[in-house]
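Data block below; observations after.
Counting starts at 1 for both ligands and their atoms, in listed order. Since the structure is predicted, the reported quantities are computational estimates derived from the model, not experimental observations. All residue numbers refer to positions in the sequence shown, counting from 1.
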Amino acid sequence: MQSIASRPIPRAKSLPYLGVALDLRVDPLRHFLNLYHELGPIFQITLLGRPIIVMAGLEANRFLARDGETYFTSEPLFGGLAQEMGSDAFLVALDGPAHRHQRKIQQRGFSRDTMQNNLGVVKQITYDFVQTWSVGQRLPFFPTLQRIVTDQLGMLTGGRVCGDLFDDLWALLNTNMNVQVLKTHPKFFLKLPKYVRSKQRVFAFAREVLEWHRANPPVDREPRLIDDLVAGVDENGRPYSDAMIMSGIAGAYFAGMDTVASTLSFMLYSALKVPGLLERLHAEIDGVWESEGGLTPAALRKMDVLHATALETLRLYPIAPFTPRTSTKAFEFEGYTVPAGSEVYVANGIPHLLPEFFPDPEVFDVDRYSRPDQPKTPHAFAPFSLGAHTCLGAGAAEVQMMTLIATLLRTAQLGLGQPNEVTIFANPLPNPGREFAFRFDGMRKPL
Ligand code: HEM
């Protein structure tokens, strides 16, 4: 008789070669949830000819948090991107001591405190965009929010908005995510003249930002992420190369243009869509804004409905429903052996939709977090993934999202356009597509 561990891992039925590629283009989390219910906590899929092992459920999240560093590497996933950026030390592609060391250097620049110290900038940039809108204008959620978010993160980390460079940054990030990270597009995309020109412009910009920071050290201003990279040394005490710092500069602009912008799109959509939520948010934001004399870190901490709206959005619309990795050595999981060298997706978003952790999981319920019987299971909520590479900007992202939505809802009268039901596209990260839009109905209150 075969021992349990040597039994073949259950396999999802799918098309030859393409595998689940078409299924993953829309709402990959709920596709994995169906497979989890059908096949259990570990199963195998095929994606464009590659076998991938999916680990799903609370135990998978625990494994990633506890043992991820021992059994997984991120290098095969992000190494191509690092190479494309000319960097030999790109944070997301590093493992072990080099990774831990560089994470410490980048911690301050990406922290909640840094975002809170820059609340005025986040507010002002949001308001500046609102003031360019005309009454009745239809604004696509995702591209509109991408522009706002990227300018904010640019100011925060490098003191520069990205402005007209946005399309080049987006081309660089998106092409590399598709070609290098998720490997859904062929390599020749990296040779296309349009892409190559975008890459050159991003590198020229990053060089300018680097030189400026070298020439203007933070003597009479707050240090930023770029200053910390310029002053930092690697785990062996050697200064980081210019290419590494420049990739860190581009990385800082990349950090939110998919993640924060997409989450914010779903958050604003939910605020406008969930019955009664907009009225509650308006009442809370106006009340706290006026009693606290504006939107301060202290005011944000009093906005419980807004905070719960952010949490429910991260739970129901996680932009990283799974964390891709490669196993460095064989291990046992739920009675099966995962061989060394396997491509593995840890579907960290699955517990978000399981009723044992979130009763009535598909209901967007901002009151669930204040209910005494809401289970508080460690690792069940994992929108920022888990373990060594957990999002370094999670605290900053929360503050940024709350500030941006509070500013939008305070200053602008917004409504849902038609169609008013969102689809979760994944290209490559989940987002509402580039067309789905809200409507600007006029100014509401001054900043
Ligand atoms: C809603 C917003 C965000 C979400 C959902 C999110 C999600 C994630 C996830 C899932 C990872 C892990 C990737 C992996 O392990 O393969 C990650 C990593 C990272 N995130 Fe975020 N992120 C968000 C916003 C931000 C922001 C605003 C910043 C910067 C201010 C940021 C900085 C980073 C960095 C530097 C890493 C790499 C950490 C490492 O490799 O050690 N993120 N993020």
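Residue S385 approaches ligand 1 through these ligand atoms, each under 4.0 Å from one of its heavy atoms: 10 (C). Atoms of ligand 1 lying under 4.0 Å from any heavy atom of I319, numbered from 1 in the order shown and given with element: 5 (C). With ligand atoms numbered from 1 in the order given, ligand 1 contributes 29 (C), 30 (C), 35 (C) to contacts under 4.0 Å with heavy atoms of F110. The atoms of ligand 1 that sit less than 4.0 Å from any heavy atom of V260 are 2 (C), 24 (C), 27 (C). Close approach of ligand 1 to A320 (heavy-atom distance below 4.0 Å) involves ligand atoms 10 (C). Near H99, the atoms of ligand 1 lying under 4.0 angstrom from a non-hydrogen atom of the residue are 39 (C), 40 (O), 41 (O).
Looking at residues two or more places apart in sequence or on another chain, you find a side-chain contact (heavy atoms from CB on, under 4.5 Å) between R112 and Q116, E398, V399.
Because its NZ or CZ atom is both nearer than 6.0 Å to the ring centre of F358 and within 45° of the ring axis, R315 counts as a cation-pi partner of that residue.
Checking side-chain atoms of H31 against main-chain N and O of V26 turns up no donor-acceptor pair under 3.5 Å. A side-chain donor-acceptor contact under 3.5 Å links Q374 to the backbone of F357.
Remark: distances from the non-hydrogen atoms of S74 to ligand 1 are all 4.0 Å or more. Within the 4.0 Å heavy-atom shell around ligand 1 one finds R103. Within the 4.0 Å heavy-atom cutoff, M115 does not count among the residues contacting ligand 1.
Under 4.0 angstrom from ligand 1, the non-hydrogen atoms of T263 all belong to its side chain. No part of P324 comes within 4.0 Å of ligand 1, judged by heavy-atom distances.
Here F425 and F436 keep their ring centres 6.0 angstrom or further from each other. Between F364 and F266, the gap from one ring centroid to the other reaches at least 6.0 Å.
Side-chain contact, Y195 with N176: a donor N or O sits under 3.5 Å from an acceptor N or O. Side-chain polar atoms of S385 and N348 form no donor-acceptor pair below 3.5 angstrom. Side-chain contact check for E356 and T377: no donor-acceptor pair (N or O, by modelled atom type) lies under 3.5 Å. Judged purely by distance below 3.5 Å, without hydrogens or angles, the side chains of T326 and E343 never pair a donor atom with an acceptor atom.
For a threshold of 3.5 Å applied to N or O pairs, the pair formed by R325 and ligand 1 contains at least one separation below that value. Of the N or O atoms in Q106, none lie within a sub-3.5 Å distance of an N or O in ligand 1.
Residue H389 holds the heavy atom nearest to atom 40 (O) of ligand 1 of all those in R112, M267, M401, H389.
Around atom 21 (Fe) of ligand 1, the protein atoms of type N, O or S that sit closer than 2.8 Å are C391 SG.
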(request) Could you check T126 against Q152 for side-chain hydrogen bond (donor to acceptor under 3.5 Å, both in side chains), going step by step and ending with a plain yes or no? (result) CA-CA 8 Å; T126 309; Q152 291 169 342; 2.9 Å; yes

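None of L268, I319, L429 except one satisfies the side-chain contact (heavy atoms from CB on, under 4.5 Å) rule with T263; the exception is I319.
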